[in-house]
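One structure below.
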Amino acid sequence: MFDSLLIANRGEIARRVIRSARALGIRTVAVHSEADAGALHVRDADEAVAIGGPRPADSYLNAVAILAAAATTGAQAVHPGYGFLSENPGFARAVEDAGLIWVGPSAESIAAVGDKISARNLMAAIGVPVLGGSEEPLKDAGEALAAAQVIGYPVIVKASAGGGGIGMRIAADDAALGTAFEATRGQAERFFGDGGILVERYLPDARHVEVQILGLADGRVVALGERECSVQRRYQKVVEESPSPAVDDALRARMLTAAVRAGESIGYRSAGTVECLVSDGDFVFLEMNARLQVEHPVTELVTGIDLVAAQLRIAAGAEPGFDPDAVVADGHAIELRVYAEDPKRFLPSPGTIAEWVEPAGEGIRVDAGYTCGDEVTPFYDPLLAKLSVWGPDRDAAVARGQDAVAAFRIAGPKTNLPFLAEVLAHESFRSGAYTARLVDQMRA
Amino acid sequence: MAHEVVADMAANVWKVLVSEGANVEAGETLVILESMKMEIPIDADVAGLVTSVGVEEGGSVQEGDVIAVIAVVE
């Protein structure tokens with residue numbers, strides 16, 4: 001095992017990685033922007049290096065500064081967290097070229113699935129079901145209209161290099177598609193530096209269900225169950241749970257088999273996620289995320305596996321720290337993302353945190369990026385904390401979630417805690433019969 | 001009558017779409033802010049003449065800052 005690790009991220013995920021690294025006896029190095037000089041992840045780490053200005057491009061996306069920080073501190077490995085440089089194959093390669101260990105999938109694996117169009121084509125080629133959609137990047141609105149004629153409306157327009165829901169638009173007819181295409185292309189160039197656009201068939205009543213995979217050091221790929229991720233606003237997840245209320249044993253077996261095949265087809269190493277749509281008891285491949293997922297605690301709570309520790313062990317060429325042939329899911333887990341945003345329209349709400357009291361107790365886990373006195377700036381995403389709960393069954397987990405949300409006190413920025421309480425009390429959520437349109441229905 | 005368009009959150013200024021002297025309709029987008037990876041269009045809530053623009057691209061605003069002043073056409 002290597003003995004030092006640089007975490008190229010911030011907030012709750014940097015702290016999460018530090019926690020598992022420390023438990024394995026690894027010295028931790030944080031990096032931070034000027035805006036995060038006093039942040040919790042900086043305080044948690046054994047050492048911290050300032051890497052640039054508050055804008056992500058100047059700091060957490062600044063590969064040169066991050067590699068320099070690794071060299072200065074003698075860090076032997078780099079964990080990218082999620083977002084920022086985590087799915088940048090050039091960065092993965094640069095880390096390895098610098099003689100460091102990259103805690104994640106190979107640059108080749110990242111590149112193979114980083115582009116939504118090539119990922120779709122790859123899955124179709126190995127027999128994993130995909131939606132009707134464009135097989136080449138669309139050059140202009142005319143090509144998009146032609147593709148939609150073949151696919152059939154409604155369609156969804158996406159940035160091929162996109163993530164985080166940015167740029168996704170639904171179009172029900174030619175006129176809407178023309179407008180959506182131009183708007184998405186503008187965002188694709190701006191946010192991802194790549195104007196590649198695809199359209200896909202849109203399934204209005206589908207659910208988002210993803211499979212956690214883990215590529216082991218010996219080359220095997222294992223699937224660690226599914227996560228239901230249909231509670232979304234602006235195509236970003238807000239509440240996740242495992243197991244999914246929409247997946248029975250037969251469907252689960254098929255999805256996990258397909259996810260393992262997807263991972264094996266690209267020689268996948270480390271933690272990754274195969275995202276699918278589930279509709280009418282069947283599934284199709286949506287995209288693959290070549291990194292640790294925000295909502296990984298849900299899987300950890302039902303399987304008892306420490307996914308970050310497994311990543312670190314695998315990166316060192318070791319066993320994952322659990323028996324891959326004896327993974328059992330126990331009970332039910334729910335993750336509730338606490339965002340700094342108003343609970344009605346979900347608009348960002350930066351500000352200084354005047355009060356922060358976390359819920360605690362049996363079956364309650366909080367992964368927080370902030371605490372009392374911290375400033376939440378406009379520069380980064382609005383995730384303040386992840387509140388995860390476990391119960392022996394779904395009803396018990398929901399009840400525990402309700403108690404924990406009620407006990408979480410945050411003052412300063414507006415938060416979506418009242419919205420999370422609304423979701424947990426909502427009839428469709430309680431019955432388990434919700435789809436990815438739940439939040440739209442709640443706010444209609 | 002002068003009408004102030006005010007930022008209701010801290011944000012960075014991504015795009016400024018109007019300049020002083022422009023005539024705007026109610027609902028026309030004046031400025032696009034960016035906060036927490038989200039674009040937030042700021043629209044004129046009244047029609048009129050833009051008499052001042054208080055922000056520039058690449059700058060930032062705090063909650064309550066005046067983004068633009070519109071002289072309302074009577």
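Here is how names work: the chains are called A, B, and so on, in the same order as the sequence lines, proteins then strands, and each is numbered from 1.
- The two residues A/Ala368 and A/Arg15 come nearest to each other via the heavy atoms O-NH1, 2.8 Å.
- A donor atom on one side chain and an acceptor atom on the other are found under 3.5 Å apart for A/Ser160 and A/Asp115.
- In this structure, chain B has no heavy atom under 4.5 Å from any part of A/Leu383.
- A/Glu34 and A/Arg55 are not joined by a salt bridge, as no carboxylate oxygen comes within less than 4.0 angstrom of a charged side-chain nitrogen.
- Looking at residues two or more places apart in sequence or on another chain, you find no ring-ring contact (aromatic ring centres under 6.0 Å, His included) involving A/Phe181.
- Taking 4.5 Å as the heavy-atom cut-off, the residues of residues 37-55 of chain B that approach chain A are B/Lys37, B/Met38, B/Glu39, B/Ile40, ordered by number.
- Remark: aromatic rings of A/Phe91 and A/Phe84 are distant, center separation not under 6.0 Å.
- In this structure, B/Glu57 does not pair ionically with B/Lys15, as no charged nitrogen and carboxylate oxygen lie closer than 4.0 Å.
- Of the atoms belonging to A/Gln187, it is side-chain heavy atoms, and not backbone ones, that fall under 4.5 Å from chain B.
- Note: A/Tyr380 and A/Tyr60 meet the aromatic proximity criterion, with ring centroids under 6.0 Å apart.
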